[in-house]
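Notes for the one structure printed next.
Below, chain A is the first sequence line, B the second, and so on; all start at residue 1.
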Amino acid sequence: MEKQECMVCGYIYDPAVGDPDSGIEPGTPWEAVPDDWYCPDCGADKSMFEKIG
Amino acid sequence: MRYAIVGSGVAGTTAAQTIARADPSGEIDLFGGEAYPYYRRPQLWALIAGELEQDALYYRPVDWYAKRGIRLRLGSNVAAIDRDGHRLTMDDGSTSAYDRVLLATGARPFVPPIAGVQKEGVFALRTLDDALAIKAYAQEVESAVVVGGGLLGLETARALNAAGLEVTVVEFYTHLLPRQLDVEGAAVLQALLEEQGLRIITGARTEAVMGNGRASGIKLQGDVQVGGGLILFSTGVRCEVALAKAAGLQTNRGIIVDSHLETSDEDIFAAGDSTEFRGRVYGIIPPAIEQARVAAANMVDPGSASYAGSVPLTILKVAGAELTSIGDSLGQGEDVVALRHMDLPARHYRKLVLQHGRIIGAILLNDRDRAKIVRQLIERGVDVSARGEQLLDDRFDLGSLLH
């Protein structure tokens, strides 16, 4: 599954890890992360992320 | 179509990427004044703290640009724009043609014109080179003074502290983070920072840098002296508007743009820290990215996208604490009501700013779930007037207002 990188702070969303602190279970692909989720490090929203590679 | 982008920071790089996607046949020249490709500017503090290596700061491998047809021209300073001839002139005299150009020239640090700022050991932090110089100098001294208790100042102060220096932060304003926090919120933050070993002096005007050739500290108004071998001025930035101004474009604090991010010349756009939109210069990354995307779309297809402004949001992480400031958190407008809940010993602070029954700003400490909800209430402009003080009540389900 593709990782996504926060263009604001560099945080990497890894679907294998998810973001359990925000209720995103490990194994959640990027597309399934809700639109109101935001970067746990800097608060940027989903639109601020870019696919890595 | 030949696109030129002046500035290879977040706005310039985002625009280049957006243009490359929207117009794969277009030619893109990306001019950067620094010697490095796009790096994570907000993490320069981590380089200073010794928590991150320089290579880890880069977002994109160098071939990333070439693969997308972006000609990355580092160390290229654009000196002038010939608007009639549609050409850019570099500081080495060479020229480069464009059909449409984006000015993503960013900002530079503002250092107050006080005595002694030219001494050795006095720095401002903006670029990777600045960070490398600060990191090297920090190894030669034992203490530092950071003038300016804003976001960048506090993060850099923590980094210098992590690098083993005794650090004093001196803020001119009556409290820390004056752009994001009110007095009460700042008191909670200050207590947290002091617990971590920072020394903080607020309400203090810096009058001079002391020292014989090399800086040895600063002198405050009232003849108070604060020792420190490294002096960092983190006293704000100024938009880089010189190029735009010399080209006769409309400027104020920043380069003035309309909702298409177009300047007063229809073939010249601007985005990011150099830009002023409806009287506002944001100076933070998310609006820079939003502006760059809109500008890029309009450079490819004029009039295709518009920008309506951004809701600023800042999250500051301090030793396990997370402080969130959203929107108009100071509430300085008209007809504004502020609701507060504060418990200093417990390090709790929560503030909502309301105007005409809607939340327009907030400050929340260690309250991520609520911050998320509040942010949506602000963005959607939900009418919360019927709830009043209940909004701060732990037992009240704020999320129910979203449905």
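For residues 287-296 of chain B, the interface with chain A (any heavy-atom pair closer than 4.5 Å) comprises B:Ile289, B:Glu290, B:Arg293, sorted by residue number. The contact list for residues 22-34 of chain A toward chain B, using heavy atoms and a distance under 4.5 Å, reads A:Ser22 by residue number.
Between the CE atom of A:Met7 and the OG1 atom of B:Thr14 there is a distance of 4.0 Å, given to the nearest 0.5 Å. For the atom pair B:Glu379 CD and A:Asp36 CG, the distance stands at 10.0 Å (nearest 0.5 Å).
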Problem set entry | Working for side-chain contact (heavy atoms from CB on, under 4.5 Å), residues A:Tyr38 and B:Leu313 | CA-CA 11 Å; A:Tyr38 60 80; B:Leu313 177 133; 5.6 Å; no

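Only the side chain of B:Pro42 comes within contact range of chain A, with at least one heavy atom under 4.5 Å from a heavy atom of that chain. For B:Gln17, the part lying under 4.5 angstrom from a heavy atom of chain A is the side chain only. Only the side chain of B:Arg375 comes within contact range of chain A, with heavy atoms under 4.5 Å apart.
Two residues are said to be in side-chain contact when any heavy atoms from C-beta on lie closer than 4.5 Å; A:Cys42 and B:Ile315 fail this criterion.
B:Arg179 CZ: 12 or fewer foreign heavy atoms inside a 6.0 Å radius. Sparse packing is recorded around NZ of A:Lys3, with 12 or fewer heavy atoms of other residues, nucleotides or ligands lying under 6.0 Å away.
Between the side chain of B:Gln43 and the backbone N or O of A:Cys9, at least one donor-acceptor pair lies under 3.5 Å.
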